[in-house]
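The structure under discussion appears below in the form of structure tokens.
Every value quoted in this text rests on a predicted model; they were computed, and no experiment measured them. Note that these values count all heavy atoms, side chains included, but never hydrogens, waters or copies made by symmetry.
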Amino acid sequence: QVQLVESGGGLVQAGGSLRLSCAASGRTFSNYALGWFRQAPGKEREFVAAISRSGGKAFYLDSVRGRFTISRDDAKNTVYLQMNNMNSEDTAVYYCAARNEPYSDSYYSQLGQYAYWGQGTQVTVSS
């Protein structure tokens, strides 16, 4: 099992940047495919970005591609989401997720594909 704790959320002006971090417990972090999701008020939780176990493959929601970057540091058991040129539509609670995948180097974009979730961190973009 793995426990996930997000941090780095906050209030940012439109056009600004934030970097979210998600720290994981456990000794086999490198076996996990990781993802970021978000949920805005009154909306369903949606996929934002995913990264494979090796870190060699990444995939993004169309509306964030080119502005957001997902990365991982297995030495620190941490996954990051760098968010640039943010806009009001990025306002949401952001969640990191993990999937134990020791035999594949795929990324995953569906909520049901992840077994482990953090508690979320609020991101608010003011216009």
Practice task
Taking all heavy atoms of Y95 and all of G118, pick out the closest pair and write down the distance.
Solution key: CD2-O, 3.6 Å
Exercise for the section: Assess R45 against F37: is NZ or CZ under 6.0 Å from the centre of the six-membered ring, and within 45 degrees of the ring's axis? Expected result: no
Exercise for the section: Establish, from distance only, whether the side-chain atoms of D74 and S30 form a donor-acceptor pair under 3.5 Å. Expected result: no
Problem - Under 3.5 Å: donor-acceptor pair, side chain of Y60, backbone of I70 - result: yes
Exercise for the section: Using a 4.5 Å cut-off on heavy atoms from C-beta on, say whether the side chain of D90 contacts that of F68. Expected result: yes
Practice task
Assign the ring pair F47 / F59 to parallel, tilted or perpendicular, where the plane angle (0 to 90°) is split at 30° and 60°.
Solution key: parallel
Exercise for the section: Give a yes or no on whether E46 atom CD has more than 12 heavy-atom contacts from other residues, nucleotides or ligands under 6.0 Å away. Expected result: yes
Exercise for the section: Determine whether Y80 and V2 fall in the same hydrophobic cluster, where Ile, Leu, Val, Met, Phe, Trp and Tyr are linked whenever their side-chain heavy atoms lie under 4.5 Å apart. Expected result: no
Fill in the blank from the handout: What one should report as the nearest heavy-atom pair of S71 and I51 is CA-CD1, 3.8 Å
Problem - Sub-4.5 Å side-chain heavy-atom contact between Q122 and T91 - result: yes
Completion exercise
All heavy atoms of A50 vs all of Y114, minimum pair found to be CB-OH, 3.7 Å
Problem - Donor-acceptor contact below 3.5 Å, side chain R72 vs main chain A33 - result: no
Problem - Interatomic spacing from CZ in R19 to OG in S7 - rounded to 0.5 Å - result: 9.0 Å
Exercise for the section: Report yes or no: do R38 and Y94 form a side-chain donor-acceptor pair below 3.5 Å? Expected result: yes
Practice task
Carefully, step by step, assess T78 and D73 under the rule side chain to side chain donor-acceptor pair (under 3.5 Å).
Solution key: CA-CA 5 Å; T78 301; D73 185 340; over 6 Å; no
Practice task
Identify the two heavy atoms, one from V123 and one from M83, that lie closest to each other, and give their separation to 0.1 Å.
Solution key: CG2-CE, 4.0 Å
Exercise for the section: Using modelled atom types only, decide if a donor and an acceptor are shared between the side chain of E101 and the backbone of D105 within a distance under 3.5 Å. Expected result: no
Practice task
Identify the two heavy atoms, one from S127 and one from A14, that lie closest to each other, and give their separation to 0.1 Å.
Solution key: CA-CB, 4.2 Å
Exercise for the section: Look at the side chain of R53 and the backbone N and O of S104, then say whether any donor-acceptor pair between them is shorter than 3.5 Å. Expected result: yes
Practice task
Decide yes or no for E6 and L20: does some side-chain heavy atom of the first lie under 4.5 Å from some side-chain heavy atom of the second?
Solution key: no
Handout entry: Cluster overlap W36 with F29, hydrophobic side-chain contacts below 4.5 Å
Key = yes
Fill in the blank from the handout: One should read off an interatomic distance between S126 OG and M86 CE, to the nearest 0.5 angstrom, of 10.0 Å
Problem - Over 12 foreign heavy atoms within 6.0 Å of CD, E89 - result: no
Handout entry: Where A98 and L4 come nearest, the two heavy atoms and their spacing
Key = N-CD1, 3.8 Å
Problem - T121 OG1 to L81 CG distance, which is reported to the nearest 0.5 Å - result: 11.0 Å
Exercise for the section: Enter the distance from N87:CG to Q13:CD here, rounded to the nearest 0.5 Å. Expected result: 14.0 Å
